[in-house]
Every structure is written in structure tokens, then in C-alpha cells.
Amino acid sequence: MDDTVTYDLVVVGGGPAGATAAHDAARSGLRVALLDRAGRIKPCGGAIPPRCVRDFDIPADMLVARVFSARILSPSGRKVDMPIPNSYVGMVDREHFDEWLRNRAAGAGAERINGTYESFSRDGYGMAVLGYKSREGNPSSLRARCVIAADGAISKLARDTVRGAERMPYVFAYHEIIRSPQRPSEDFGPDRCDVYYSGTLSPDFYAWVFPHGDTTSVGTGSANKGFSLKGSVAELRRAAGLDGETIRREGAPIPLKPLKRWDNGRDVVLAGDAAGVVAPASGEGIYYAMLGGRLAADAALAFLKTGDARQLATARKRFMKEHGRVFFVLGIMQYFWYRNDKRRESFVKMCEDKDVQRLTWESYTNKQLVRKSPMAHLRIFVKDMAHLLGIARPT
């Protein structure tokens with residue numbers, strides 16, 4: 001370590017959360033280092049809503065596809081089309097999207113460092129010291145006044161510094177990036193996401209086919225350690241006729257809910273998967289990760305300006321104030337509807353309802369619960385309870 005260098009902020013992890021935090025902090029004038037392990041690509045469907053494009057100035061050429069509908073498939077093969085009225089879902093390829101975000105952070109002044117975080121300690125002045133191994137395998141370290149941990153669902157930095165981080169609940173996700181079919185078919189649409197709710201493809205989550213232009217993500221997830229994710233994807237590819245070239249295979253843990261604490265009360269704050277900000281039920285994480293990174297950068301800046309470590313807790317407070325209710329509702333939905341195929345069948349049937357479709361897309365594209373149309377919410381609640389209690393049965 002160069003004893004003359006002390007960074008205002010070291011961000012560990014260069015995914016959407018870490019890269020956004022590094023970008024915003026560097027643009028605010030902080031001396032920032034972004035420590036990231038080279039070559040890592042997270043398995044991800046790659047969906048981002050229009051609000052993400054707007055809030056984070058994502059250029060149009062980062063979208064490898066625009067999706068204008070989703071198709072929901074039940075265990076029995078029921079197919080429900082859900083067109084997106086007056087909007088779209090943007091699709092990104094994480095291999096290129098994440099690197100673009102890291103380069104944008106570097107353009108704002110963040111120093112990119114390739115390496116793997118290994119240890120957290122303090123020097124004689126109480127300053128944070130992060131040990132890491134370089135890409136070439138050499139040990140080194142960084143010193144910082146503040147640290148953001150954005151190194152994934154099983155964040156070693158979070159576990160080393162924040163109480164309770166070791167209790168992060170998660171599912172494992174796995175997908176295969178394949179060459180997209182040359183022509184649309186019943187089983188594949190270049191502007192349609194397919195979501196499969198079936199216990200054979202996932203006993204507690206869902207499987208997906210998400211188009212990325214020239215490539216397509218085919219994946220699934222489960223918290224059941226005995227469930228074969230690779231076998232599930234192979235079965236899905238056979239059933240959907242997706243026999244194109246396999247470009248790469250990726251797997252990683254995905255958190256199930258936000259941690260109760262995102263900071264150590266002194267100089268470390270969490271962001272992205274390390275904080276648990278992946279939406280239950282949907283598994284959506286890119287927008288929430290980028291927002292979490294932005295809020296973590298804001299909290300770090302406030303802490304560095306004031307010296308008040310309580311400012312670090314504002315990242316979680318602000319996030320949960322805006323999105324905590326959405327996460328709560330989605331968590332309940334996953335708990336009730338993903339438990340067995342009978343309930344999944346009812347859930348897919350319920351998705352035929354136009355009120356459900358409209359409110360789902362309005363909430364997704366704007367990233368907030370729709371507070372208007374109280375009668376629509378009431379109708380959905382009544383139908384939801386009827387399906388749950390077995391009063392209404394799939395036809």
C-alpha cells in the first residue's frame with residue numbers, strides 16, 4: 001500500500017450498484033477507487049424499466065432489445081399474454097452493460113482497480129484498510145475514509161463488517177446465453193419475455209426466456225439446493241425448441257429480501273445484492289441495485305462532509321421509504337403463489353384479468369405501487385382471495 005494515498009471512498013464490486021455508486025461519488029468530487037474482480041458476469045434476465053433508463057441516463061444503444069409483452073405459462077400449459085400498454089421493458093446484456101457502467105465511473109474520475117477483496121482491517125489511525133489480491137495474484141491493499149460494499153449476495157466485505165449480513169437469505173440462479181432463433185415462433189418472440197411457473201422448472205421461483213437481440217437468456221432459480229438448475233434449463237430449452245448455440249453459462253446467488261441493517265455504524269455501507277435489494281417474486285434487481293448504489297454514494301458523501309456516521313443509515317431509510325411497501329407486497333405474493341403447482345395454476349389464471357395486467361405494468365414501469373383506481377385494487381383483492389381459497393378454480 002502506498003501510505004501517501006488515502007481514498008475518500010473505496011467501492012468493492014463493479015456491478016450496477018458499485019459502478020453507479022463510484023460514478024456518483026466521483027462526480028461529486030470524491031477521490032474514489034472501484035475495486036472489481038475482472039471477468040465476472042452475473043446471471044441475469046437483463047430487464048430494466050423505462051424509469052431506470054430515465055433516472056440513470058442509459059443510452060439507447062445499451063438496450064439490446066425492447067420487449068412489448070410478456071407471456072405467462074402455467075404448469076398445465078395455460079398461456080396468458082400480457083401486452084405492455086404505451087411502454088416497454090428494456091433488455092441489456094450484463095457482459096456489456098456492466099462494463100459500460102464501470103467505464104462511465106472511470107470517466108467521472110473513479111480509479112478502476114482489478115482485484116478480489118480479501119480482508120478488512122484498520123491502520124494505526126483507525127482508517128479502513130482493505131486487503132485484496134490483484135488480477136495477477138499479488139497481495140495489495142487500499143486505505144479509505146469510507147467504504148461501499150457492493151460485492152454480491154454473499155458479500156465477504158459485508159460479512160466482515162456489518163452485523164447480520166451472514167444471515168442473507170437467497171436463491172441460486174442459473175442461465176444460459178444462447179444464440180437467438182432466426183425467426184419468431186410460438187415458443188419464442190424477439191420482443192416478448194416468457195415466464196414459466198412450473199414446479200418441474202423451479203419448485204419455488206420461476207423459469208424464463210428473455211430475448212437480448214442476437215442472444216437470449218434462458219434461466220431459472222431455486223433455494224432448493226437439491227434441485228438441478230442445469231437440468232431445468234435443459235428441459236426448458238428442449239420444450240421451447242431453443243437448440244441454438246450456447247455462448248456462455250453463468251450461476252450466482254440472488255438475495256431474497258433486504259437486510260435489516262446496511263451499515264456498520266462507522267464507515268461501511270452496503271449496496272445492491274450485498275444489501276439484498278432484489279425484488280421478491282420477480283427477481284428484478286438492476287434498477288434497485290443502481291438506486292441502492294446512488295443512495296449509498298449519497299450517504300457516504302454526507303458522512304464524509306459531516307463526520308456523522310449516522311448518515312450511513314440514510315441509504316436504507318431512503319430506499320425502504322420509497323420501495324419497502326413494494327417489496328413487502330411482492331414477498332407475500334411469492335410466499336402464497338409459488339408454493340405448489342395448484343397455486344401457480346391459479347396465479348397464472350388470475351393474470352388474465354385486465355385490471356391485474358394494467359396495474360402490474362404501471363407499477364413496474366414507474367417503480368411504485370399504483371395508488372389510483374381503488375375499485376380496481378378492490379376487484380383484484382376479491383379475485384385474489386377467491387383463487388387462494390379455492391372458490392374460483394382454473395378453467
Side-chain angles (χ1 to χ4, degrees), residues 9 11-28 30 32 34-36 40-64 88-108 110 112 148-153 155 158 210 252 254-255 257-259 262 269-280 282-301 314-324 326-327 330 363-368:
L9 178 68
V11 181
V12 178
T20 299
H23 169 265
D24 286 10
R27 193 172 58 174
S28 297
L30 299 184
V32 179
L34 176 60
L35 176 65
D36 183 58
R40 182 73 176 94
I41 307 171
K42 181 183 174 182
C44 176
I48 61 173
R51 181 172 175 183
C52 185
V53 175
R54 295 193 304 268
D55 288 1
F56 297 98
D57 298 321
I58 307 301
D61 60 5
M62 275 292 103
L63 301 183
V64 293
Y88 68 95
V89 175
M91 307 302 295
V92 297
D93 187 325
R94 292 290 298 272
E95 179 182 13
H96 306 293
F97 182 66
D98 289 16
E99 180 64 10
W100 179 82
L101 290 173
R102 290 187 287 267
N103 284 332
R104 181 165 73 168
R112 290 187 61 178
I148 291 177
D151 51 334
S155 166
F210 287 176
I254 307 295
K257 63 180 181 180
L259 289 172
W262 291 6
V269 61
L270 312 183
D273 282 8
V277 293
V278 171
S282 70
E284 182 195 357
I286 297 178
Y287 169 76
Y288 295 117
M290 295 181 73
L291 176 62
R294 174 158 291 174
L295 296 179
D298 288 347
L301 183 62
T314 61
R316 188 183 191 279
K317 289 178 182 177
R318 291 175 63 192
F319 185 94
M320 297 306 292
K321 181 178 180 180
E322 184 172 354
H323 297 288
V326 172
F327 275 53
L330 291 175
S363 297
Y364 174 81
T365 56
N366 296 306
K367 307 319 302 171
Q368 59 186 10

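Every heavy atom of this structure was used, including side-chain atoms; hydrogens, water molecules and symmetry mates were not. These numbers were taken from a predicted model, which means no experiment stands behind them.
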With a 4.5 Å limit on heavy-atom distance, are the side chains of [X] and [Y] in contact?
| X | Y | result |
| --- | --- | --- |
| Trp262 | Val277 | yes |
| Glu99 | His96 | no |
| Met290 | Leu101 | yes |
| Asp61 | Trp100 | no |
| Leu301 | Leu30 | yes |

Worksheet item: Excluding sequence neighbours, so at least two apart, what forms side chain to side chain donor-acceptor pair (under 3.5 Å) with Lys42?
Response: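 Lys42: side chain to side chain donor-acceptor pair (under 3.5 Å) contacts with Asp273.
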Discussion item. Just to verify, what does Asp151 make a side chain to side chain donor-acceptor pair (under 3.5 Å) with, not counting sequence neighbours?
Written reply: Ser155
Practice prompt. State, to 0.1 Å, how close Tyr88 and Thr365 come at their nearest heavy-atom pair, and which atoms those are.
Written response: O-CG2, 4.3 Å
Worksheet entry | is_close_aromatic(Phe327, His323), centroid dist under 6.0 Å |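 Centroid distance Phe327-His323: not below 6.0 Å, so no.
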Out of curiosity, [X] [atom1] to [Y] [atom2], how far, rounded to the nearest 0.5 Å?
| X | Y | atom1 | atom2 | result |
| --- | --- | --- | --- | --- |
| Glu284 | Ile254 | CD | CD1 | 12.5 Å |
| Met91 | Cys44 | CE | SG | 8.0 Å |
| Met320 | Leu295 | CE | CG | 12.0 Å |

Item to complete: Check the pair Asp298, Arg318 against salt bridge (Lys or Arg N to Asp or Glu O under 4.0 Å), reporting the backbone distance first and the verdict last.
Response: CA-CA 10 Å; Asp298 288 347; Arg318 291 175 63 192; 3.1 Å; yes
Worksheet item: Between Arg316 and Leu259, is there a donor-acceptor pair closer than 3.5 Å when you use the side chain of the first and the backbone of the second?
Response: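 Yes.
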